[in-house]
Amino acid sequence: MPADTNPAGDIFGGWLMAQMDLAAGSAAARRARGRCATIAVDAMVFLRPVAVGDEVSLYAEIASVGRTSMKIHVEAWRRSRDSEERYKVTDATFTFVAIDAQGRPRDVPPPA
């Protein structure tokens, strides 16, 4: 939406990063079967701008699982509303920790 843009009309990188965090968080919560918290994000490089009206697709994949933490790799792709061509915008690896009801780290259960 226009409120999510910089003066040049491109989507703020922070908005895109927030969407990526949501996608990674969804994958983390499914794998951990419960609440998780973002604790780190590796470096992001923005390869192309995203314009208002572009379709943004996010792809999240679990890269690794530790005792209480998980690394989730997310790619962001854009497609102009009047084209079939897709372009990778950025990617990053988000680290999440599974947490209990008191917000303390808990073990990630074995895969279902």
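Scanning all heavy atoms of the two residues, the minimum distance from Ala92 to Met44 falls at CB-CG, 3.5 Å. The minimum heavy-atom distance between Arg31 and Pro111, with the atom names listed, is NH2-CD, 3.4 Å. Across Ala27 and Ile62, no two heavy atoms sit closer than the pair O-CD1, 4.2 Å. The minimum heavy-atom distance linking Cys36 with Ala28 is given by the pair SG-O, 3.6 Å. The nearest pair of heavy atoms linking Ala76 to Met20 is CB-SD, 4.2 Å. When all heavy atoms are compared, the tightest approach of Ala98 to Val108 is CB-CG2, 4.0 Å.
For the atom pair OG of Ser83 and CZ of Arg78, the computed distance is 8.0 Å after rounding to the nearest 0.5 Å. A distance of 7.0 Å separates OG1 of Thr93 from NZ of Lys71, quoted to the nearest 0.5 Å. Leu58 contributes atom CG, which lies 12.5 Å from atom CH2 of Trp77 (distance to the nearest 0.5 angstrom). For the atom pair Asp42 CG and His73 NE2, the distance stands at 8.0 Å (nearest 0.5 Å). Remark: Arg106 CZ to Arg33 CZ distance equals 8.5 Å, nearest 0.5 Å. Remark: Asp54 CG to Arg48 CZ distance equals 11.0 Å, nearest 0.5 Å.
Between Ile11 and Val52 there is a side-chain heavy-atom pair separated by less than 4.5 Å. Using a 4.5 Å heavy-atom threshold, the side chains of Gln19 and Val56 count as separate. Between Glu75 and Ser57, the closest side-chain pair of non-hydrogen atoms is not below 4.5 Å. Using a 4.5 Å heavy-atom threshold, the side chains of Phe46 and Leu16 count as touching. Put simply, the side chain of Thr68 reaches to within 4.5 Å of the side chain of Asp107, judged on heavy atoms.
In this structure, the side chain of Arg86 does not engage the main chain of Ser80 through any donor-acceptor pair within 3.5 Å.
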Let me see the working for Phe96 and Asp21 under side-chain contact (heavy atoms from CB on, under 4.5 Å), right down to the final yes or no. CA-CA 10 Å; Phe96 281 80; Asp21 189 40; 3.4 Å; yes
Under the side-chain hydrogen bond (donor to acceptor under 3.5 Å, both in side chains) criterion, do Glu61 and Tyr59 qualify, and how do the steps go? CA-CA 7 Å; Glu61 179 178 49; Tyr59 301 94; over 6 Å; no
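Other residues, nucleotides and ligands place more than 12 heavy atoms under 6.0 Å from the CZ atom of Arg79.
Note on Val89 and Val41: same hydrophobic cluster, where clusters join Ile, Leu, Val, Met, Phe, Trp and Tyr whose side-chain heavy atoms are under 4.5 Å apart, directly or indirectly. Linking ILVMFWY residues whenever their side-chain heavy atoms come closer than 4.5 Å, directly or via other members, places Val50 and Phe12 in the same cluster.
Hydrophobic cluster of Ile99: the remaining members, joined at side-chain heavy-atom separations below 4.5 Å, are Ile39, Val97, listed by chain and number.
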